[in-house]
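Structure first, commentary second.
Computed over heavy atoms, backbone and side chain alike; hydrogens, waters and symmetry mates excluded.
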Protein chains: 2
Amino acid sequence: MKQTFNMELFFQALADQTRLRLLNLMGDKEICVCYFVEILDQLQPKISRHLAYLRRAGIVEPRRDGKWMHYRILMPQHAGAAIILQQTLASLKDERVMQSDTKKLLKACCSPAKFNGLQGAPIPLTAACCERG
Amino acid sequence: MKQTFNMELFFQALADQTRLRLLNLMGDKEICVCYFVEILDQLQPKISRHLAYLRRAGIVEPRRDGKWMHYRILMPQHAGAAIILQQTLASLKDERVMQSDTKKLLKACCSPAKFNGLQGAPIPLTAACCERG
DNA sequence: CAAATATAGTCGTCTTAGCAAATATGTATG
DNA sequence: CATACATATTTGCTAAGACGACTATATTTG
């Protein structure tokens with residue numbers, strides 16, 4: 001089907017804790033880079049670099065919105081890869097770190113102003129949380 | 001569920017072409033190391049190393065049989081990982097290299113004597129191929 | 001210009017290939 | 001039964017390459 005799909009590269013992209021945390025946070029919604037930085041509590045260039053790896057592997061897609069960049073998961077054309085990615089996302093939800101991240105994201109969406117790095121940051125479009133304070 | 005399961009390590013183990021080829025050859029049967037060496041046409045220590053990586057990740061299990069070591073895939077306890085591994089194996093079958101390897105393995109099972117490195121090598125137990133020549 | 005994000009450069013660390021040596025088993029020999 | 005040797009496989013070791021962290025700098029947009 002896909003001539004250019006590379007299983008090895010695909011797994012390489014998934015074989016990193018930081019990238020798994022990013023994917024878990026995205027889930028099925030679009031997230032702004034600034035949220036990743038805030039929630040993972042890691043330096044911005046590091047987040048950016050890992051997002052670049054995911055981009056290169058074709059797993060995520062960026063969208064520019066003014067100053068902000070939003071990322072969302074791009075389900076692979078390759079049927080097998082799509083199943084693997086979905087199963088991975090499902091499995092991640094069982095892990096403590098991932099649950100903690102998800103909870104933190106919800107909080108941040110509710111009141112971005114309370115987080116240093118999120119002054120005036122855009123609220124994730126599909127976030128099912130309370131309105132901005 | 002499993003405290004010791006590590007998704008990152010699991011994907012790292014899968015993120016290598018040589019290891020994917022080994023897994024594809026094993027499929028659901030037990031294979032002797034000497035077949036891997038012959039079919040991948042790579043140096044034996046290299047094969048051994050990659051088998052060690054797979055062992056460390058708990059993906060394969062060795063069995064000694066006299067001089068020969070046989071390896072087989074060990075389905076992970078972790079339900080998600082098992083699904084991912086099964087889907088991976090299924091997807092590999094669509095790739096040319098993997099199909100070629102599988103075909104070569106079948107040939108080697110039919111007449112091991114014709115391969116330099118397989119003089120007197122054991123035939124994979126569950127190999128559904130013709131008798132040894 | 002300021003803010004958000006991406007990229008480049010440098011460094012330390014991890015992974016891998018390749019070779020040599022070690023280990024484990026089997027067989028032959030005394 | 002002990003020894004020596006052959007075969008199959010694993011494991012140290014070292015150099016090369018890839019990767020991640022960190023800092024500084026560049027790019028894009030308001």
Work out which heavy atom in A13(A) is nearest to a heavy atom in I59(A); give both atom names and the distance. CB-CD1, 3.7 Å

Would you mind reporting whether E38(A) and C34(A) have side-chain heavy atoms less than 4.5 Å apart? no

Whole-Å gap separating C1' (dT5(C)) and CG (L51(A)): 10 Å

Heavy atoms within less than 4.0 Å of DNA chain C: which residues of residues 42-50 of chain B have one? Give them sorted by number. L43(B), P45(B), K46(B), R49(B), H50(B)

Take the protein atom CH2 of W68(B) and the nucleotide atom C1' of dT10(D), then report the distance between them rounded to whole Å. 17 Å

Counting the atoms with a prime plus P, OP1 and OP2 as sugar-phosphate, which does Y71(A) contact under 4.0 Å by heavy atoms, base, sugar-phosphate, or nothing? sugar-phosphate

Please name all residues satisfying side-chain hydrogen bond (donor to acceptor under 3.5 Å, both in side chains) with T88(A), sequence neighbours left out, ordered by chain then number. none

Over all heavy atoms of both residues, which pair between G27(A) and I73(A) is shortest? Give the atoms and the distance, please. O-CD1, 3.3 Å

Value in whole Å for how far the P atom of dA4(C) lies from NE2 of H70(A): 12 Å

Can you tell me the distance, in whole Å, between the CG atom of L22(A) and the P atom of dG20(D)? 12 Å

Minimum-distance nucleotide to R55(B) side chain [options: dG20(D), dT11(D), dA8(D)]: dT11(D)

With a 3.5 Å limit on both atom pairs, tell me what dG30(D) is paired to, counting Watson-Crick and G-U wobble, or say none. dC1(C)

Rounded to the Å, how far apart are L9(A) CG and dA18(D) P? 13 Å

Test item: side-chain donor near acceptor, R49(B) and Y53(B), under 3.5 Å: no

Are the side chain of N24(B) and the backbone N or O of M98(B) linked by a donor-acceptor pair below 3.5 Å? yes

One pair to check against side chain to side chain contact (heavy atoms under 4.5 Å, CB included): V60(B) and L22(B). What are the steps and the verdict? CA-CA 10 Å; V60(B) 303; L22(B) 293 175; over 6 Å; no

Would you kindly give the CG-to-P distance between D65(A) and dA4(C), to the nearest whole Å? 13 Å

Per Y53(B) side chain, nearest of listed nucleotides dT9(D), dT16(C), dT7(C): dT16(C)

Measure the distance from NZ on K67(A) to C1' on dA26(D) and round it to the nearest whole Å. 18 Å

What is the distance, rounded to the nearest whole Å, between atom CZ of R56(B) and atom P of dC14(C)? 12 Å

